[in-house]
Amino acid sequence: MKEFFESIEPKIYKAIKKDVKYILKKIGNEKIYSIALVTDEDCVSLYLAANTSEFLRKKDLDILKFMKQYLSEDEIRGVENGSYSLTRWIPAEWGYSDGKNSGLTKISRLLFEQGVYLNPTEYEMNKHLFFETITSVLKRLIKENVFGSYTNDITFFITLSDGDGIYEIENYSAQQLNSAKVYEKFLHRHKKNRLTTDSPSKN
């Protein structure tokens, strides 16, 4: 499998670079605060998700209409004034992704055909190679400022759409992909889910 990941790494790089252009065009003048590369428990799919401060605010207010009965008064006020978020770190709720006919869709087909999960004896090693590969690609793209002129303001991480260990994977990848300051803020993201100083209400 090592040879497979070595061969697919440049393809993932090209796919993400292509898909980022598509996402940035859709986003326009909105400000991206986070980008996540999302896979699944068996590492046979990949998609790129991005969110902006503007979409976050709209989404939180929309969800608040249906969630009020489950929230405290402080949380409701927080969502209303923009100091509390319901969806900030949940890529499935974000506004932008690479789409159905993206470069990463083609990569997903290759991953599925290869079947990282098919050999139980090498499963963990193959997963390690997979995450090592996609982390390396993201590092390179971040260094090249592919994600825009304010790349340093974006929080990057890798996550799973299902399975165990999601929190640990997000934390480890965020540490690898961001500055110490950005990582430290991300590490405490679930403490009442309070927004940091880059929240939409404070921009």
Side-chain angles (χ1 to χ4, degrees), residues 12-13 16 20 23-24 27 30-41 43 46-61 63-64 71-72 74-97 127-128 130-203:
I12 296 174
Y13 170 84
I16 294 178
V20 167
I23 291 173
L24 291 178
I27 286 174
E30 294 181 18
K31 184 178 180 182
I32 302 172
Y33 71 82
S34 189
I35 287 177
L37 192 57
V38 185
T39 185
D40 60 275
E41 186 176 25
C43 305
L46 270 180
Y47 77 87
L48 195 67
N51 210 24
T52 65
S53 298
E54 292 84 352
F55 188 92
L56 174 72
R57 183 79 177 123
K58 180 179 180 297
K59 184 73 173 184
D60 278 347
L61 290 173
I63 291 180
L64 180 63
L71 302 174
S72 67
D74 284 346
E75 289 169 335
I76 292 171
R77 283 195 296 270
V79 174
E80 290 174 341
N81 66 34
S83 65
Y84 182 88
S85 175
L86 300 169
T87 63
R88 185 171 179 82
W89 302 113
I90 307 174
E93 299 290 349
W94 289 0
Y96 305 95
S97 66
K127 284 184 70 172
H128 175 76
F130 171 79
F131 283 108
E132 189 177 69
T133 299
I134 60 176
T135 301
S136 175
V137 169
L138 276 180
K139 281 183 177 180
R140 180 180 171 189
L141 291 166
I142 292 167
K143 187 175 181 180
E144 294 175 0
N145 286 325
V146 169
F147 300 94
S149 57
Y150 51 90
T151 297
N152 291 336
D153 297 328
I154 298 173
T155 301
F156 296 90
F157 64 100
I158 296 167
T159 189
L160 301 179
S161 59
D162 61 344
D164 299 323
I166 294 175
Y167 192 67
E168 290 77 10
I169 287 170
E170 289 181 350
N171 286 349
Y172 181 76
S173 62
Q175 186 177 31
Q176 299 298 307
L177 298 170
N178 300 282
S179 67
K181 182 179 179 181
V182 170
Y183 167 67
E184 187 64 25
K185 287 182 179 179
F186 182 77
L187 191 62
H188 302 291
R189 62 196 177 283
H190 294 306
K191 288 187 176 180
K192 294 187 178 180
N193 212 12
R194 294 290 169 182
L195 300 187
T196 55
T197 53
D198 61 342
S199 66
S201 64
K202 297 179 183 179
N203 283 336

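We count residues from 1, following the sequence as given.
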### Task
Would you check if L160 and I169 make a side-chain contact, meaning some heavy-atom pair closer than 4.5 Å?
yes
### Query
Is the closest side-chain heavy-atom distance between I158 and Q176 below 4.5 Å?
no
### Set of residues satisfying salt bridge (Lys or Arg N to Asp or Glu O under 4.0 Å) with respect to E144, sequence neighbours excluded
R140
### Query
Just wondering, do K185 and N178 contact through their side chains at under 4.5 Å, heavy atoms?
no
### Polar contact flag, side-chain donor to acceptor under 3.5 angstrom, D40-S161
no
### Summary
Which of L61, T87, I63, D74 passes side chain to side chain contact (heavy atoms under 4.5 Å, CB included) with V79? It is L61
### Query
Nearest 0.5 Å, what's the CD-CD distance between E184 and Q175?
9.5 Å
### Query
Relative to the ring of W89, is the ring of F186 parallel (under 30°), tilted (30 to 60°) or perpendicular (over 60°)?
perpendicular
### Task
Please test L177 against I142 for side chain to side chain contact (heavy atoms under 4.5 Å, CB included), starting from the C-alpha separation and ending with a verdict.
CA-CA 8 Å; L177 298 170; I142 292 167; 4.1 Å; yes
## Note on the structure
Nearest heavy-atom contact between V137 and Y13 is CG1-CA, 3.6 Å
### Task
Mind listing the closest non-hydrogen atom pair of S97 and Y47 along with its distance?
CB-CD1, 4.3 Å
### Query
Just checking, any donor-acceptor pair under 3.5 angstrom between side chains of S83 and N81?
yes
### Query
Do I35 and I23 come within less than 4.5 Å of each other through their side chains, counting heavy atoms only?
no
### Query
Does L71 reach the side chain of L64, with side-chain heavy atoms less than 4.5 Å apart?
yes
#### Entry: I32 side chain near Y96 side chain, heavy-atom distance below 4.5 Å
no
### Query
Could you go step by step and tell me if S34 and N51 meet the side chain to side chain donor-acceptor pair (under 3.5 Å) rule?
CA-CA 6 Å; S34 189; N51 210 24; over 6 Å; no
### Query
Are F147 and F156 near enough that their ring centres are under 6.0 Å apart?
yes
### Spacing of OH belonging to Y172 relative to OH belonging to Y183, to within rounding of 0.5 Å
10.5 Å
### Message
Return the CG to OH distance between N171 and Y167, rounded to the nearest 0.5 Å.
### Response
5.0 Å
#### Entry: salt bridge (charged side-chain N to carboxylate O under 4.0 Å, His left out) pairs, two or more places apart, involving residues 164-183
E170-R189
### Message
Nearest 0.5 Å, please: how far is CZ in R88 from OG1 in T155?
### Response
7.0 Å
### Message
Are more than 12 heavy atoms, taken from residues, nucleotides or ligands other than F131, located less than 6.0 Å from that residue's CZ atom?
### Response
yes
### Summary
V20 and V146 have their tightest heavy-atom pair at CG1-O, 3.5 Å
### Message
Distance alone, cut at 3.5 Å: any donor-acceptor contact between the side chains of E30 and T52?
### Response
yes
